[in-house]
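Lettering of chains follows the sequences in order, A, B, ..., and the numbering in each one begins at 1. Every heavy atom of this structure was used, including side-chain atoms; hydrogens, water molecules and symmetry mates were not.
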Amino acid sequence: MKRKNCMLGIGISPRRLPALRRALLAWYDAHGRVLPWRQTSDPYKIWVSEVMLQQTRVAAATEYYQRFTARFATVRALARASEADVLAQWSGLGYYRRARMLHAAAKLVVEEYSGEVPTSEAALRHLPGIGRYTAAAIASIAFGEATAVVDSNVERVSSRMRGAPPNSKDEYWQQASEWLDRKRPGDWNQAMMELGATICLPGKPKCGVCPARRWCVTQGQLSAEKRADSRHKHTVTYLLASKNTKGSKALLLVQRGEEERLMAGMWELPTAESAEADAASVPLLQLKHSITVTDYEVRVIAGTRSRGQGSWVSVRELQSLPFTGLARKILRRLGVLTAY
DNA sequence: AATTCGTGGTG
DNA sequence: TCACCAAGAAT
């Protein structure tokens, strides 16, 4: 008779779970990174950090977190800020829908919850931008609710420890719930993610220093599970038009419409007409830029467009505008915008 | 249910 | 150089 890969056959014996919990939590206590959002118990700030960390590395999110929580120190402060201001603070971090939903959720919290962040996973789940993962993360970390999280780290760690990925997404959540340390749910969740982010790496896991090795089936013998996703390719040409007015320099920029599906309301360079693009022999700048599933070949040419859409913006005002990441990259490369 | 959203580090 | 991928959510 063939053995089936059911949960009972492939998981960790319940008898061995307490020791696993102790080992992983001890490792986390001793080796967990000191991160700014781990130094606070403010639910609002933990919420901000969790949204910033959605599909975003710790290294990228850290400085944004510091700036954002300094600028908007409370839910109320965020709620009364303008969307442009919020987007400007988010500029460069990507996935701008997160910023809009966080802003909208902050307003909701002020109006519907008297400015107090909802304290349960179930209530958090109703706020825009808070899905299954984020609701459980905030509830466990900020409020100590005994609820487990599953992110891509937990999926990888869990698959390797079990020896194989489960048959469905839901089994990840079921297993995470079984493994959860219900005395320290927030720390346990962060420990699992920390393990995936620093030890149980996608490419080559550092099994030699892994605190969970005793409980791991694969121990580095990972079955390849890669998929090649086809990417789209596009070429785009932007125009750099500048003029001097009263001794101050201004650039021609365009703001995306509020109804745009992508990056609404954010600023970028005007695109060149095809005739202009063809006529320009030597671009000022040429670079590659990828936006999720599309690879762009970007050219920037000099121009002096006097009519058409766009606004002349003084270079002094540039720092406060919510630029798209591509626009920021271009302006930085051209030396127009100093790094920030 | 499969796609799409941004960006930067990494090997 | 370039494909992979990261504390996911919404549609």
Side-chain angles (χ1 to χ4, degrees), chain A residues 28 32-33 35-38 45-65 87 90-102 104-105 124-142 148-158 168-170 172-173 176 186-198 200-205 224-233 256 260-264 266 268 287-298 322-330 332 339:
Chain A
Y28 178 69
R33 291 167 292 180
L35 302 173
W37 47 88
R38 290 180 179 165
K45 292 183 178 174
I46 291 169
W47 172 18
V48 170
S49 77
E50 286 301 338
V51 173
M52 285 190 169
L53 287 164
Q54 288 167 4
Q55 293 289 284
T56 305
R57 293 174 196 281
V58 163
T62 300
E63 81 176 82
Y64 280 88
Y65 170 85
L87 282 173
W90 205 275
S91 174
L93 193 56
Y95 287 134
Y96 299 99
R97 187 169 54 179
R98 292 183 299 178
R100 292 197 182 82
M101 291 188 297
L102 177 60
L124 286 161
R125 189 67 181 74
H126 292 301
L127 294 174
I130 297 187
R132 192 174 183 180
Y133 162 81
T134 306
I138 298 170
S140 63
I141 296 169
V149 303
V150 173
D151 74 331
S152 58
N153 286 308
V154 174
E155 289 187 358
R156 183 173 59 256
V157 169
S158 172
S168 72
K169 286 278 185 188
D170 222 50
Y172 278 121
W173 290 87
D187 287 339
W188 171 262
N189 284 333
Q190 293 189 82
M192 285 287 285
M193 295 189 284
E194 187 85 356
L195 189 68
T198 64
C200 197
L201 303 171
K204 42 170 191 180
E225 37 175 311
K226 294 179 184 174
R227 62 178 190 284
D229 54 343
S230 63
R231 303 181 59 78
H232 307 143
K233 295 187 186 309
R256 300 174 65 88
E260 290 272 359
R261 198 171 60 86
L262 310 181
M263 299 179 271
M266 303 188 74
E268 56 192 357
L287 55 83
K288 296 180 189 301
H289 186 76
S290 296
I291 298 179
T292 64
V293 296
T294 306
D295 293 331
Y296 292 93
E297 183 67 43
V298 180
F323 283 113
T324 64
L326 175 53
R328 291 171 71 253
K329 183 193 279 188
I330 291 171
R332 263 196 316 230

Under the salt bridge (charged side-chain N to carboxylate O under 4.0 Å, His left out) test, which residues partner [X], sequence neighbours left out?
X        : result
A:Glu194 : A:Arg33, A:Arg38
A:Arg256 : A:Glu260, A:Glu268
A:Arg132 : A:Asp170

For [X], report the nucleic acid contact type (base, sugar-phosphate, nothing); a contact means any heavy atom under 4.0 Å.
X        : answer
A:Met263 : sugar-phosphate
A:Trp90  : nothing
A:Ala61  : nothing
A:Gly196 : nothing
A:Arg156 : sugar-phosphate
A:Leu93  : base

How many whole angstroms separate atom [atom1] of [X] from atom [atom2] of [N]?
X        : N      : atom1 : atom2 : result
A:Arg100 : C:dG8  : CZ    : P     : 21 Å
A:Lys288 : B:dG8  : NZ    : C1'   : 17 Å
A:Leu53  : C:dC5  : CG    : C1'   : 15 Å
A:Tyr172 : C:dA7  : OH    : P     : 15 Å
A:Tyr64  : C:dA7  : OH    : P     : 18 Å
A:Asp295 : C:dA3  : CG    : P     : 7 Å
A:Lys169 : B:dA1  : NZ    : P     : 12 Å
A:Leu201 : B:dT10 : CG    : C1'   : 11 Å

task = Between B:dG6 and C:dT1, how far apart are the P atoms? Round to whole Å, please.
result =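 My reading of the P atoms in C:dT1 and B:dG6 gives 25 Å.
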
Whole-Å P distance, C:dA7 and B:dT10 =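 Per the computed distance, 13 Å lies between those P atoms.
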
key: Dot-bracket line, read 5' to 3' along DNA chain B, where crossing pairs take [ ] and | marks a partner on another strand, Watson-Crick or G-U under 3.5 Å   = .||||.|||||

ask   = So which heavy atom on A:Trp90 is nearest to which on A:Val51, and how close?
value =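 Taking every non-hydrogen atom into account, CH2-CG1, 3.9 Å.
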
Look at the side-chain N and O atoms of [X] and state whether any lies under 4.0 Å from the OP1 or OP2 oxygen of [N].
X        : N     : answer
A:Thr56  : C:dA7 : no
A:His289 : B:dT7 : yes
A:Gln55  : C:dG8 : yes

key: Residue whose closest nucleotide on DNA chain C lies nearer the 5' end, A:Met101 versus A:Arg57   =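 Upstream on the strand: A:Arg57.
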
request  = Could I get the full list of side-chain contact (heavy atoms from CB on, under 4.5 Å) partners for A:Met266, not counting sequence neighbours?
outcome  =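 side-chain contact (heavy atoms from CB on, under 4.5 Å) check on A:Met266 returns A:Leu87, A:Tyr96, A:Arg100, A:Met263, A:Pro322, A:Thr324.
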
Residues forming a ring pair (Phe, Tyr, Trp, His ring centres under 6.0 Å) with A:Tyr65, sequence neighbours excluded =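 Per chain and number, A:Tyr65 pairs via ring pair (Phe, Tyr, Trp, His ring centres under 6.0 Å) with A:Trp37.
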
[X] side-chain proximity, nearest of [options]:
X        : options              : value
A:Met193 : B:dG8, C:dA7, B:dG11 : C:dA7
A:Thr134 : C:dA9, B:dG8, B:dG6  : C:dA9
A:Gln54  : C:dA7, C:dA10, C:dA9 : C:dA9
A:Arg97  : C:dA7, C:dA9, B:dT7  : C:dA9
A:Tyr96  : B:dG8, B:dG6, C:dG8  : B:dG6

request  = Kindly say whether, by distance alone, the side chain of A:Arg38 makes a donor-acceptor pair under 3.5 Å with the base of C:dA7?
outcome  =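 A donor-acceptor contact between them is present.
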
inquiry  = Donor-acceptor check, side chain of A:Arg125 to backbone of A:Ala135, threshold 3.5 angstrom: yes or no?
reply    =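 Not a single qualifying donor-acceptor pair exists.
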
ask   = Roughly how far, to the nearest 0.5 Å, is the CG atom of A:Asn189 from the CG atom of A:Asp151?
value =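 If we round to the nearest 0.5 Å, A:Asp151:CG and A:Asn189:CG are 9.0 Å apart.
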
task = Would you give the length of the straight line joining atom OG1 of A:Thr134 to atom CG of A:Leu124, rounded to the nearest 0.5 angstrom?
result =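 CG of A:Leu124 is found 9.5 Å from OG1 of A:Thr134.
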
